[in-house]
Amino acid sequence: MKRTLFTVVTATLSLTLGLAQAAQDSPSAPHATALFQQHCASCHGAQRTGSMGPALLPESLARLRPAEARKTIAEGRPATQMPAFQASLSPADIQALTELIYQPMRPTPAWTELDIQASRVQHTDARKLPNKPQWKADPMNLFIVVEGGDHHVSLLDGDRFERIHRFPTRYALHGGPKFSPDGRFVYFGSRDGWISKYDLWNLKLVAEVRAGLNMRNVAVSSDGRWVIAANYLPHSVVLFDHDLKLVQTHAARSGVESSRVSAVYDAAPRQSFVVALKDVPELWEISYAGKKAPAAPRRIQLEEPLDDFFFDPAYRHALGASRPQGDGQATAQVVDLDAGRKVANLPIAGMPHLGSGITFDYQGRRVLASPNLKDGAIDVIDLTNWQTVKTIATPGPGFFMRSHEKTPYAWVDSMMAPKAKDRLTVIDKRTLQVVAEVREPGKTLAHIEFTRDGQYALASLWEMDGALIVYDAATFKEVKRLPMSKPVGKYNLHNKLTRSEGTSH
Ligand code: DHE
């Protein structure tokens with residue numbers, strides 16, 4: 001029933017927009033449109049509004065020059081799922097596709113407050129359900145595992161490594177799920193804009209709402225009262241109450257300029273959400289302190305827009321990176337959230353994936369270690385003076401780095417390296433030396449999360465007939481393997497709620 005409703009809503013939207021698009025096509029456009037439907041639509045959406053891949057509309061291509069778009073279609077894009085088409089498409093076809101994606105859709109795909117409200121589905125009245133787990137396991141050592149292969153989530157008992165439950169989700173969840181402070185509810189965000197609230201204790205879907213057409217991520221306030229979504233399309237930040245009822249939307253604008261929203265995170269000690277804009281150099285802080293609904297964003301002016309960011313442990317600073325759009329250089333900066341200004345450059349090369357970084361103590365100093373989507377390198381930065389302590393070479397560029405307070409080791413993948421995607425590298429946090437490697441020859445091995453006690457590291461064998469592999473975090477030996485359908489991320493409730501230094505928040 002839920003899937004049927006979803007299909008009807010998207011199909012109606014697709015049909016409406018599709019007819020409008022067909023009517024506006026120029027005589028030469030049908031070929032490009034057919035190419036798009038054949039090669040691009042499954043990831044970027046039939047209406048170019050984005051799905052697994054980003055939206056391909058003039059509104060979302062502000063920072064990408066046509067020459068770079070052409071190169072991306074031909075050669076693929078590092079650090080994404082975008083393949084190279086130069087072997088299967090002629091230069092003329094690539095040119096036609098490039099021109100197509102810079103053509104506006106008419107009418108411009110819109111998703112208004114009325115659309116948001118109309119999309120909301122109440123599946124269950126959670127107030128009528130028991131306020132305690134209806135299964136036997138440590139509710140704080142629960143793992144939520146997103147299986148991207150067939151769009152399901154598995155709930156795993158983190159002591160016995162046994163599945164408690166498995167349920168279907170929206171298409172293409174992205175980013176970490178977020179939790180209510182008591183750990184009862186989890187909120188998932190999908191790339192195509194849906195937020196789903198799920199009752200972990202009663203194993204029931206509670207409510208869903210579509211916040212936008214192409215969404216980046218969601219955050220939940222540390223007091224559990226607010227849920228917020230960052231959108232690429234439309235250019236907006238959307239705030240809901242904990243039941244996913246719309247409270248307010250903020251158009252992501254600065255003067256006449258409109259912007260995609262890169263990401264939003266909860267800054268618990270500040271009682272605020274921090275929002276990065278992708279196309280204009282502003283960082284927003286939305287305070288939820290006090291009883292009333294959050295106030296208008298406080299705007300911090302930057303020199304460069306941010307694609308990705310990370311907080312220092314005190315949440316005083318945001319460490320942000322701008323990824324190069326063409327052959328340019330990435331930049332990274334430190335923003336003092338109290339002072340409301342940039343205070344330092346970060347000496348990180350390549351394409352840092354700061355959001356996947358971790359912090360730990362190294363020789364009496366607090367450091368940040370961040371993977372790099374372009375190079376096989378982990379940058380370790382001293383958080384007191386923003387200087388590089390060391391750059392650790394890894395077998396190739398990777399997405400995720402994870403550790404835990406109770407283990408001396410940090411684990412990192414190199415899933416973007418064709419020849420090294422099959423291994424995880426283990427780094428000793430005391431020496432910053434590589435000490436071990438685990439491998440699944442020829443397969444993709446990625447994304448690690450620890451049990452609440454830090455004794456086991458769980459990794460994804462990222463294949464359709466993949467598995468979740470449990471390693472002993474001290475000996476690096478496999479202790480268990482559970483078959484799963486392309487497991488993507490896995491999230492330990494305790495580590496998330498306590499904001500463990502070794503994982504994302
Ligand atoms: Fe992610 C988290 C951005 C591509 C899997 N990714 C995030 C977050 C951001 C981000 C901002 C933090 C959100 C949060 O947790 O609230 N990701 C981006 C990109 O800009 C990038 C490079 C391009 C894009 O396609 O958007 C990108 N990401 C990918 C992938 O291709 C991955 C590997 C596969 C996929 O499913 O899309 C991928 N991203 C993930 C995962 C997390 C994530 C599993 C959560 C990690 C965690 O442990 O919290």
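As the structure is a computational prediction, the values presented were derived from the model and not from experiment. Read the numbers this way: they start at 1 and go in the same order the structure lists the ligands and their atoms.
- Tested against Tyr265 for a ring pair (Phe, Tyr, Trp, His ring centres under 6.0 Å), the candidates Tyr315, Phe273, Phe309 yield a single pass: Phe309.
- At distances below 3.5 Å, not a single donor-acceptor pair connects side-chain atoms of Glu501 with backbone N or O atoms of Phe360.
- When every heavy atom of Met215 is checked against every heavy atom of Ala229, the shortest pair comes out as SD-CB, 3.7 Å.
- When the heavy-atom distances from atom 1 (Fe) of ligand 1 to His447, His174, Met82 are ranked, the shortest goes to His174.
- Atoms of ligand 1 found under 4.0 Å from any heavy atom of Val488 (numbered from 1 in listed order, with element): 36 (O), 44 (C).
- Considering Ser460, Ser154, Ser485 as possible partners of Glu147, the one that fulfils the side-chain hydrogen bond (donor to acceptor under 3.5 Å, both in side chains) test is Ser154.
- For Lys178, a nitrogen or oxygen atom sits less than 3.5 Å from a nitrogen or oxygen atom of ligand 1, counting backbone and side chain alike.
- Checking only distances, Tyr265 never comes within under 3.5 Å of ligand 1, N or O to N or O.
- Taking the six-membered ring for Trp and the full ring otherwise, the centers of Tyr456 and Phe161 sit less than 6.0 Å from each other.
- Under the side chain to side chain contact (heavy atoms under 4.5 Å, CB included) rule, Arg499 has a single partner from Pro313, Ser504, Pro269, which is Pro269.
- Using a 4.0 Å heavy-atom cutoff, Lys490 is absent from the residues neighbouring ligand 1.
- Under the 4.0 angstrom criterion for non-hydrogen atoms, Arg402 is in contact with ligand 1.
- Within the listing of ligand 1, atoms 14 (C), 15 (O), 45 (C) sit less than 4.0 angstrom from a heavy atom of Gly176.
- Between Asp307 and ligand 1, a contact under 3.5 Å exists for no N or O pair.
- Contacts between Arg216 and ligand 1, counted as non-hydrogen atom pairs separated by less than 4.0 Å, involve the side chain only.
- The Asn217 neighbourhood of ligand 1 comprises atoms 13 (C), 14 (C), 16 (O), with distances under 4.0 Å to a heavy atom of that residue.
- Between Ser504 and ligand 1, at least one pair of N/O atoms sits closer than 3.5 Å.
- The shortest N/O to N/O separation between Met415 and ligand 1 does not fall below 3.5 Å.
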With salt bridge (Lys or Arg N to Asp or Glu O under 4.0 Å) as the criterion, how do Arg225 and Asp223 come out once you've worked through the C-alpha distance, each side chain's angles and the decisive distance to 0.1 Å? CA-CA 6 Å; Arg225 294 165 66 214; Asp223 59 10; 3.6 Å; yes
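- Judged by the 6.0 Å distance and 45° axis criteria, Arg402 is not positioned over the aromatic ring of Trp411.
- Using a 30° and 60° split on the angle between ring planes, His404 and Phe450 fall in the tilted class, from 30° to 60°.
- Residue Trp462 has no N or O atom closer than 3.5 Å to an N or O atom of ligand 1.
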